[in-house]
Amino acid sequence: MSKPNKPVVLIAEKLAPSVLSVFGDEVEVRHVDGTDRSALLEAVKSADALLVRSATKVDAEVFGATTQLKVVARAGVGLDNVEVPAATERGVLVVNAPTSNIVSAAEHAVALLLAVARRVPAASQSLRAGEWKRSSFSGVELQGKTIGVVGLGKIGQLFAQRLAAFDTHIIAYDPYVSAARAGQLGIELVTLDELLSRADAISIHLPKTPETKGLIDAEALKKTKPGVIIVNAARGGLIVEQDLADALRSGHVGGAGIDVFVTEPTTSSPLFELDNVVVTPHLGASTAEAQDRAGTDVAKSTLLALRGDFVPDAVNVSGGGAVGEHVRPYLSLTQKLGQLLTALNPTAPASVTVQVKGEISVRTPGCCSWRRCAGCSPAWSRTRSRSSTRRSWRRSWACRSSWRSRRRARSSAAWSRCARCTPTARC
Ligand SMILES: NC(=O)C1=CN([C@@H]2O[C@H](COP(=O)(O)OP(=O)(O)OC[C@H]3O[C@@H](n4cnc5c(N)ncnc54)[C@H](O)[C@@H]3O)[C@@H](O)[C@H]2O)C=CC1
Ligand SMILES: O=C(O)CCC(=O)C(=O)O
């Protein structure tokens, strides 16, 4: 029986049991098969929150079917199945679980690389078929090899750290990462062409965007070293499957480990016919630990959103980007500083400036001032709006907040502080 007054949370895919333990009895949980379009469109009408993994397409049609929906939560990283601009347009908050499965995804990429380099699946299959063919399954070592990482974000970095333990030289292509940051990690930042021409193995860790779709095509593959191993545990379509299959068949590419496909689910791909390919059905995040974290993280974010609180993992709040891992710790610091400020000065100030210095000053910390607001007294705000999307957040706080940054800090450690408070009873 439906329980009045409780927000309805619609779960559209199989999620870890941790989700339900976080929700407790604060919400009414309903289930639907997100791949059954008509069932989804019907069920979403009365849902306050929608929880998905990667199989449910949450697009303008879904948002058009409901006026009730406040939050879409993606239990994982990639948001290519959620039309974020359409959500923002409708005032629906979108959250993901940006760190929940990154270790699992990085480990899976390592597993694929090793499986290809040592031909583990083919040898296993052959032995199980009753053959003892040691000479047929000679592989290559990773030691001393150059490994190219395309996309040096969270997963790319974790992959690189793990590969470094094999005594490899890591090079990376990522135009959005500074050479200084790469240097700190012991990684040489290069152009894509240089990476393609130098790497003995290449692992892709990019989001799927109009810019990255088809990045590794026939032209790019031509530039690679003969015998190169290619791994993709990021998204299908970043590599053009047919072009990769052709390069594998010609022997120019030595092997490939592929977890993701341009169409999913799928049981047919030109890659499936080739011996030097190891494939898995999008298993990068399929570990108990990752699923548990993804479930817990999105359930917590969903509750925050439904309560009208600030949601750190919201992706359509801070100017279209999630709060980066380097900035994240400062959110709670600024929140605590806001609470302290409230305790010391219960009268609302006209404005508060958050100063940040050092590394984080170049990592879009503007969100810290919002978080500081979240820590400040409710008496400082006029009303709290139902939605936490950017426009309404700005409207809801009477007290102005801003941030200032200085690139140089006395030490390499970054810091933030609430400063320049202008106490006034005006707002
Ligand atoms: N197979 C699986 O189950 C999983 C796959 N993924 C995929 O991995 C992707 C990466 O995840 P994270 O590392 O957490 O994301 P991230 O956002 O931390 O890193 C992505 C990196 O790609 C870089 N990048 C963006 N556009 C680029 C371009 N045009 N050229 C070169 N670099 C570019 C960014 O600067 C960033 O450093 C996700 O978007 C998702 O699609 C994530 C988790 C599990
Ligand atoms: O297993 C899943 O939910 C998909 C994981 C994934 O690809 C992601 O988080 O981006």
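Everything numeric in this text was worked out from a predicted model, so none of it was measured. Order of listing sets the numbers, starting from 1, for every ligand and every atom in it.
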Asker: Where the closest heavy atom to atom 17 (O) of ligand 1 is concerned, which of K154, R53, H108, K213 has it?
Answerer: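 It is K154 that holds the nearest heavy atom.
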Asker: One residue to check: H205. Relative to ligand 1, which of side chain, backbone, both or neither has a non-hydrogen atom less than 4.0 Å away?
Answerer: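 Within the 4.0 Å criterion, H205 contacts ligand 1 through backbone atoms alone.
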Asker: For the salt bridge (charged side-chain N to carboxylate O under 4.0 Å, His left out) test, which of R74, K57, R235, K208 pairs with D80?
Answerer: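 The residue from R74, K57, R235, K208 that satisfies salt bridge (charged side-chain N to carboxylate O under 4.0 Å, His left out) with D80 turns out to be R235.
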Asker: For ligand 1, which atoms, with element, lie under 4.0 Å from some heavy atom of I102?
Answerer: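 Heavy-atom distances to I102 below 4.0 Å select 14 (O).
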Asker: Out of N232, I155, L112, who is nearest to atom 12 (P) of ligand 1 when you count heavy atoms only?
Answerer: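 Answer by nearest heavy atom: I155.
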Asker: For ligand 1, is there an N or O atom under 3.5 Å from any N or O atom of H282?
Answerer: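 Yes, since at least one N or O of H282 sits under 3.5 Å from an N or O of ligand 1.
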Asker: Is any NZ, NE, NH1 or NH2 atom of the basic residue among K213 and E211 found under 4.0 Å from an Asp or Glu carboxylate oxygen of the other?
Answerer: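 No, K213 and E211 are not salt-bridged.
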Asker: Using a strict 4.0 Å cut-off to heavy atoms of R235, name the atoms of ligand 1 that fall inside it.
Answerer: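 Ligand 1 atoms under the 4.0 Å threshold to R235: 5 (C), 6 (N), 7 (C), 40 (C), 41 (O).
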Asker: With heavy atoms of A285 as the reference, note each atom of ligand 1 found under 4.0 Å away.
Answerer: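 Here the atoms of ligand 1 in question are 3 (O).
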Asker: To the closest 0.5 Å, what do you measure between CD1 (I229) and CD1 (I147)?
Answerer: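 Rounded to the nearest 0.5 Å, the CD1-CD1 separation comes to 8.0 Å.
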Asker: Judged on heavy-atom distance to atom 21 (C) of ligand 1, which of D174, V150, L206 sits nearest?
Answerer: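 Considering heavy atoms of D174, V150, L206, the nearest to atom 21 (C) of ligand 1 sits in D174.
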Asker: Which bit of L152 gets closer than 4.0 Å to ligand 1, counting heavy atoms only: side chain, backbone, both or neither?
Answerer: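 It is the backbone that touches ligand 1; the side chain stays farther off.
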Asker: In the protein, what heavy atom is nearest to atom 43 (C) of ligand 1, and what distance, to one decimal place, separates them?
Answerer: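 Of the protein heavy atoms, N101 OD1, 3.2 Å lies nearest.
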Asker: Does A285 reach ligand 2 with a nitrogen or oxygen that is under 3.5 Å from one of the ligand's nitrogen or oxygen atoms?
Answerer: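 A285 vs ligand 2: no N/O contact under 3.5 Å.
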Asker: Would A234 count as being in polar contact with ligand 2, using the rule that some N or O on each side must be under 3.5 angstrom apart?
Answerer: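 No - when backbone and side-chain N and O of A234 are compared with those of ligand 2, no distance drops under 3.5 Å.
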Asker: Which atoms of ligand 1 are found less than 4.0 Å from any heavy atom of E211?
Answerer: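 Result: 29 (N).
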Asker: Heavy-atom distance to atom 8 (C) of ligand 2: which of R74, R53, Q291 wins?
Answerer: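 Looking at heavy atoms only, R74 sits closest to atom 8 (C) of ligand 2.
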Asker: To the nearest 0.1 Å, how far is atom 26 (N) of ligand 1 from its closest protein heavy atom, and which atom is that?
Answerer: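 Residue, atom and distance for the closest contact: Y176 CE1, 3.5 Å.
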Asker: Which label fits H205 and F159: parallel for a plane angle under 30°, tilted from 30 to 60°, or perpendicular past 60°?
Answerer: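 Tilted.
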Asker: Looking only at protein heavy atoms, which one is nearest to atom 31 (C) of ligand 1, and how far off is it?
Answerer: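 Protein heavy atom with the smallest distance to atom 31 (C) of ligand 1: P175 CD, 3.2 Å.
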Asker: Is ligand 1 under 4.0 Å from a heavy atom in the side chain of V77, in the backbone, in both, or in neither?
Answerer: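 Just the side chain.
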Asker: On a heavy-atom basis, I'd like to know which of V77, L15, I102 is closest to atom 9 (O) of ligand 2.
Answerer: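 Closest candidate by heavy-atom distance is V77.
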Asker: Nearest heavy atom to atom 5 (C) of ligand 1: which of A233, G153, G78 does it belong to?
Answerer: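 Nearest option to atom 5 (C) of ligand 1, by heavy atoms: A233.
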Asker: Using a 4.0 Å heavy-atom cut-off, which part of D259 comes near ligand 1: side chain, backbone, both, or neither?
Answerer: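 It is the side chain that gets close, since no backbone atom is under 4.0 Å.
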Asker: Any heavy atom of G76 sitting closer than 4.0 Å to ligand 1?
Answerer: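 G76 does not count as a contact of ligand 1 under the 4.0 Å cut-off.
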Asker: G284: heavy atom below 4.0 Å from ligand 2, yes or no?
Answerer: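 The answer is no: ligand 2 sits nowhere under 4.0 Å from a heavy atom of G284.
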Asker: Return the minimal non-hydrogen interatomic distance between V44 and A65, and the atom names on each side.
Answerer: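 Result for this residue pair: CG1-CB, 4.0 Å.
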Asker: Applying a 4.0 Å heavy-atom criterion (strictly less than), which segment of P207 is in contact with ligand 1: side chain, backbone, both, or neither?
Answerer: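 Both the backbone and the side chain of P207 come within reach of ligand 1.
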Asker: Using heavy atoms and a threshold below 4.0 Å, how should the contact between V260 and ligand 2 be classified: side chain, backbone, both, or neither?
Answerer: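 The answer is neither.
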